[in-house]
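The block underneath contains the structure these notes are about, expressed in C-alpha cells.
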Amino acid sequence: MSEASLPKTYDPAGTEARWQAAWEAAGAFHPDPSAPGEPFSVVIPPPNVTGSLHMGHGFETALIDTVVRFQRLQGKNVLCLPGTDHASIAVQSILEKQIKAEGGSKDDLGRDAFLERAWAWKAESGGTIVGQLRRLGYSVDWRRERFTLDPGLNKAVVEAFVRLHEQGLIFRGEYLVNWCPASGSAVSDLEVEMKETDGHLWHFRYPLSDGTAADGTDHLVVATTRPETLLGDTGVAVHPGDPRYAALVGRTITLPLVGRQIPIVADEHVDPAFGTGCVKVTPAHDPNDFAIGARHGLPLITVMAKDGSMNAAAGRFAGLDRFEARAAVVAAMEAEGFLVKVEPHRHSVPFSDRGKVPVEPLLSTQWFARAEPLAARCRAALDQGEPRFVPQRWEKVYRDWLTDIRDWCISRQLWWGHRIPAWFVVSETGGVITDATPYVVVRDAEEAQAKAEAQFGAASRAAGRALQLEQDPDVLDTWFSSGLWPFSTLGWPDPNAADLATWYPTSVLVTGFDIIFFWVARMTMLAGAFLQDDGVPVGGRTSWIPFRDVMIHGLVRDENNRKMSKSAGNGIDPLPLIERYGADALRFALVREVAGAGQDIRLDYDRASGDSATVEGARNFANKLWNATRFALMNLGGETPATLGDPDPADLTLADRWILSRLARVNGETAERYGSYALGEAAKGLYEFAWNEVCDWTIELLKRRLNPRPAVEGVPFSAEALADQRVARQVLAKVLNELLVLLHPLMPHLSEELWHGLTGAPEGTFLALQAWPALNKAALDAALEAQFAELIEAIRVVRNLRAVAGLKPAQAAPVVFLTGRPELATVLRAGSGDITALTRAASVQVLDPAAAAQRASARTLAAVSGELQVLLPIEGLVDLDALRGRLEKDIAKAEKEIKGLAGRLANPNFAGKAPPEVVAECQANLADAEAQAALARGRLEGLG
RNA sequence: GCCCGAUUAGCUCAGCGGUAGAGCGCCUGCCUUACAAGCAGGAUGUCGCUGGUUCGAAACCGGCAUCGGGCACCA
C-alpha cells in the first residue's frame, strides 16, 4: 500500500481475499498444542450439510470469530476448530426427494449406492459451506476441519456407544416411540413439534357386553380425536372416584366394529370433568394409554404399519392410509349406530419436525439412552456453576430440561449416519432380526464374531447351525455424534491425543438458544459419561464439562420478524451482502446489533434491491477508517509508529493529552467488553470513539500542526513548528495504530490491511497475531477529559452561532468568550489555536465578564452555555431576528431547567435524604441555569 | 396451564435509581486538498397502562394489556 496508489474509497473485495489467503498460507490460525500461552479453545457449532448457510450462521460466525481473535491478541494459544454435521434425517430426506423426483426410490438404489450419493451431496454442500465461512474471514484452523462422519469421529461414536452400553446406559426395548411415517423412522421427543390444529371430537357409544347395569345403563360414551385407533382399543378407563361409573368398573364392553371384549378399568389419569369422563384405551397407539394399559395389564394391539397405513389387525380397514381409515371408521360407526355426535375440537397434534406430517405413536423396538443418570451429573455440575451461561437466564432453561428428563431414543431407521455397533446373532432366530434375537455390542465385526462365538458358538454348533451375524441396519440419532463434538474433534478416545490434553475443556461455546436441549445438554450429558469419574474430571483437568462458558445469542430475524431458517425459505444468503459491502462490514453490522443480552436481531434488508442500511452504515465506517489511515499516510512524512516512537508527555498539547487519555480508557473498556462477551457494546464503543473522537476532533485538530504554514511565504519552518509537527505525527500514529488493533476482532481484513500500510510491517507478519496494546494507565486523566469536553462545547456554540448568523463557512469572524471561571478561561486560552482552526475565527478573546461588560455591543450575536458567554461581534452581518430567536431559546431552556431543579431543592426531603454530593450538584446546576437565564435576558433586553 | 423475553424518537435499538441516547431517516448550509460511503448545524419522545417503594423511577416491586419465544398438555 503506497500513498500514491491509495484510492479514496475502500474496496473490500480484493483486500479480503488477499488476507484470507495470506493467513491460511502462513498457517496463522493453526496452533501447536505444545505452544506457550494459556490455551483457549472453541469448537464451532457444525452447520448441517443441507445446502448453504444463511445470515444466522453469519451472525454466529461473526460473534465467535470476534471472541477468538480477541483472545489471540491477548496472547492465548487459541484453537478455533471448524467442521460440519452430517444431519441424518435432513440430508436423507433431501436425497430421497431428489431420487423420487427422478422416478426412483432409495430401496431401488440400495444402501451402498445411496450412501455414495449422500457423500457426493456432502462434498458439494460441505464445500459451499466452507467457502461461505472462509469468505467471512473466519480465523479457524482449517487443517483441523472435521465432519461428524469422519473415520475419527466414527471411532468416537462407536466407542461412546459401546461404553455407554457397558455402563448400562444404553438399552434396547420395545416402547411407544414417535414414528415419522414420512421419513420411515423413529424420532426423539425433541424432534416433535406440537401444533394447534382444528380437528373433531367424535363421541362413540361403547355397549356393555354383559347386559344392562342396575341403573339401566347399557353403554358408555367415549370421545376421541383419532377414531382409527379404536380398532386397537383394549379397554375403557374411568376415574376411580367418579360416582357415575363406579358400578361399572370391572365390567366388559364389546368393542364396536371389532367385537373384542374389553374391560372397564379405573385409573387416576382420567379427568372426570373432560368430555364424558370415559376414555377409550389404545395402549399401542397413545403414550397415556400405554401407561394406563401397563397399570392394568391391558394387551397391546398395534393396528398400524410403519408407513402409516392400517395393518392386518385392523381387519376390514387393513391397507387404508391412517387418514382414510379415520373417515372409514367414522362412517362405519355411524352406519352401525355407534356415533353419538361430532364436535369441532381444536387441539395440539404432534408433527414431525423434518417430515412435516403428524407423528404416530407406534410400538417399536429401538435403542435408548438412559437419560436420568446422565442428566443428574449435569445438574450437579450446574450447582457448582458449570457451565456458566451468558446471559445467565438461559441456565434455568437448561436446568429445567435436565430435570424430569425422559429416555432418549437414539436409533433411526435411516441409512445416512453412524451405523449402530450391534451385531445380531441371527442364526439364533431363523436368519432374521427379531425382538428376541440376541446381540453383541462391540467395536467392529471381527470383535463381534469373537464375542458371539464365545457366547453362542458351542450351543449353535450343537444345534447344527453355523453362527451367522448381521449388523443392526439402523443408524444413530445425529445428535449422538454431535454430542461428542467437543472431545471427538480433539482426538477422543485416544488417551494420548495432544489436542485433547491442551484444549479440553473448551473455553466457550457460542450458540443459539434453540439448540440448548438438542445439543448443549447432549454434549454435557455425554461428556459426563466419558470425561469424569465419580464427579472428578479424568486426566487431571479442571472440569469435565466441555465448555467453561456458554454464550447464548439470539436469532436473526427477517424483515417480517420471522426466524430465518432454511425450511421457512426466508434465509438471507450472506454472500451477496459480502460482495456488495464487504465481509468486515457485514460482521461489524451484525455484531453491533447485538448489544443487549442475547436478544434477537433484525437485519434490515431489501430482497429486491439488495440494500441493507445497517450493513451500509458499517461499510461507511470501514471507509471512514480507510480514509483516516489514508490521511495519516499522507501526513506522517514516511515515518511509522515504530520510527516515530511514543511522544514525550512534556510535549503534549491539551488535545493530545485528551485523545491519549480517551485511547487508554477505550482500550480498557474494549478489552473488558470483548472478554465478557459484550460484543455489541465493544463495537458501538469503538465506532463512536473512532468516528467522533478520532476523526471528527483529533484529526481535525492535528491538521494545522501536521501541516504548519510558514509565517512568511518561502521562509523555512521554525524549529518549534517542526518539533510540534513531530509530536502531532507521534500522536496520530499511536492513536491510529492502537485503534486498528482494538478493531481487529471485529474488522479483521480492513484492520490487517491498514495496519500493514501504517506500520510497513513485513510480509509474513500479521496484525492478527500481534499483542493487544498495554493499557497506558499514566495517560488516564478524567479531569482533563472533562476540561476538554468544555472546549469542545465552546467550539460547538461558536459553530452554532455562525450557523444562526448565516455566515458562509469561509467567512472569518471574531470570537469573544466571557467567563468568570478562571479554569475555563485557561482552557479556552490554551485551546485558542484549536478554536481558531475549527471555527474560522478571525480572532479569539477570552475576557472576564465584569471587565468586559461595556465592550459587548448590543448588536452582537451571543449565546450562553453554562458559565460561558460566547459573542460574535459582527454587527453588520447580524440577523437580529435570528439573534433574538437564539436567546429566547436559551432562556426557555434555562427556565425549564430552573423549574425542575428549584422544585427538587425546595423539597425538604430531598435536601435531607439525598446524598450530599447529589444535592450539591443540583445546587450548582441551579446556579448555572440561573446565571445563564440572567445573561441571556440581559442580552435580549440590550437588543431593544 | 407453567416459564422466559420484549414494549423508549418515523424505523432499528442502547440505557436499567440522580435533569432522555445512538445509528438510519428528516430539515438547513457546505464538493473546507483523508473521506459527499463525507463535513458543520438543527428538529424530533406524557420511556405500553396502572398501582407501589423512594427525596428522586424509563430503570426497582405488584397488577394489567399487547407482541414474541420455550416447556407441558385431557381422550
Side-chain angles (χ1 to χ4, degrees), chain A residues 6 8-10 194 201-203 222-226 229 237 269-271 273-282 286 288-289 292 345 347-348 350 391 393-394 396-397 400-401 404 513-514 516-517 554-555 557 561-563 581 585 592-604 613-614 616-635 680-681 684 687-688 692 695-696 699-700 703 707 796 799-804 806-810 838-840 896-897 900-901 904-905 907-915 917-919 921-922 925 929:
Chain A
L6 207 56
K8 283 171 80 167
T9 54
Y10 172 52
M194 301 303 277
L201 198 55
W202 285 273
H203 294 249
V222 298
T224 181
T225 54
R226 295 192 299 154
T229 64
H269 171 262
V270 179
D271 176 3
F274 186 89
T276 58
C278 298
V279 183
K280 61 191 271 307
V281 183
T282 323
D286 182 279
N288 289 312
D289 292 6
I292 296 175
H345 183 62
H347 62 135
S348 295
R393 65 189 152 90
W394 292 107
K396 183 174 159 53
V397 175
D400 287 353
W401 190 74
D404 295 326
F513 61 78
D514 51 337
I516 290 178
F517 310 141
L555 305 177
R557 301 194 167 270
N561 209 21
R562 275 200 299 259
K563 171 183 167 179
Y581 299 112
R592 192 170 178 234
E593 288 298 305
V594 61
Q599 293 305 324
D600 288 354
I601 66 169
R602 198 181 316 195
L603 186 72
D604 65 315
T614 308
E616 188 180 324
R619 188 271 316 258
N620 293 352
F621 179 54
N623 192 52
K624 189 73 179 173
L625 296 164
W626 173 265
N627 274 292
T629 308
R630 191 166 154 253
F631 172 82
L633 292 178
M634 291 169 166
N635 286 280
E681 288 177 36
K684 282 181 189 176
Y687 180 96
E688 284 170 20
N692 301 336
C695 292
D696 289 349
I699 288 184
E700 291 307 319
K703 275 181 180 170
N707 277 306
R796 284 225 166 93
R799 284 171 167 175
N800 173 260
L801 273 183
R802 289 178 53 99
V804 168
L807 289 177
K808 292 257 183 295
L838 296 193
T839 66
R840 292 274 175 152
K896 192 181 159 200
E897 210 177 318
L901 292 166
R904 268 209 281 173
L905 286 164
N907 183 344
N909 286 326
F910 176 69
K913 297 193 181 175
E917 62 272 20
V918 173
V919 177
E921 191 190 336
C922 194
N925 288 344

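Just so we're clear, the structure is a prediction, and the values are computed from it rather than from any experiment. To find a chain, count down the sequence lines: A is the first, B the second, and so on, and within it residues start at 1.
For the pair A/Leu905 CG and B/G18 C1', the computed distance is 12 Å after rounding to whole Å. The CG-P distance, from A/Leu901 to B/G56, rounds to 16 Å in whole Å. Per the geometry, CH2 belonging to A/Trp394 stands 10 Å off P belonging to B/G70, to the nearest Å. Rounding to whole angstrom units, CD1 of residue A/Ile601 and P of B/C11 are separated by 20 Å.
Taking every side-chain heavy atom of A/Glu681 into account, B/G15 is the closest of B/C13, B/G15, B/C73.
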*Scan nucleotides 23-33 of chain B nucleotide by nucleotide, 5' to 3', and note B when protein non-hydrogen atoms come under 4.0 Å of the base, S if they reach only the sugar-phosphate, - if neither.*
S------S---
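Figure legend. B/G48 is base-paired to B/C64; pairs are counted as Watson-Crick or G-U wobble with both atom distances under 3.5 Å.
Looking at heavy-atom distances under 4.0 Å, A/Asn623 makes contact with a base. Nucleic acid contact class of A/Cys278 (heavy atoms, under 4.0 Å, all strands): none.
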*Quick one: do A/Asn627 and A/Arg630 satisfy side-chain hydrogen bond (donor to acceptor under 3.5 Å, both in side chains)? Show the steps, please.*
CA-CA 5 Å; A/Asn627 274 292; A/Arg630 191 166 154 253; 2.9 Å; yes
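Looking at A/Asn925, its side chain never comes within 3.5 Å of a backbone N or O of A/Leu901 through a donor-acceptor pair.
Side chains of A/Thr614 and A/Asp604: a donor-acceptor N/O pair is present below 3.5 angstrom, by distance only.
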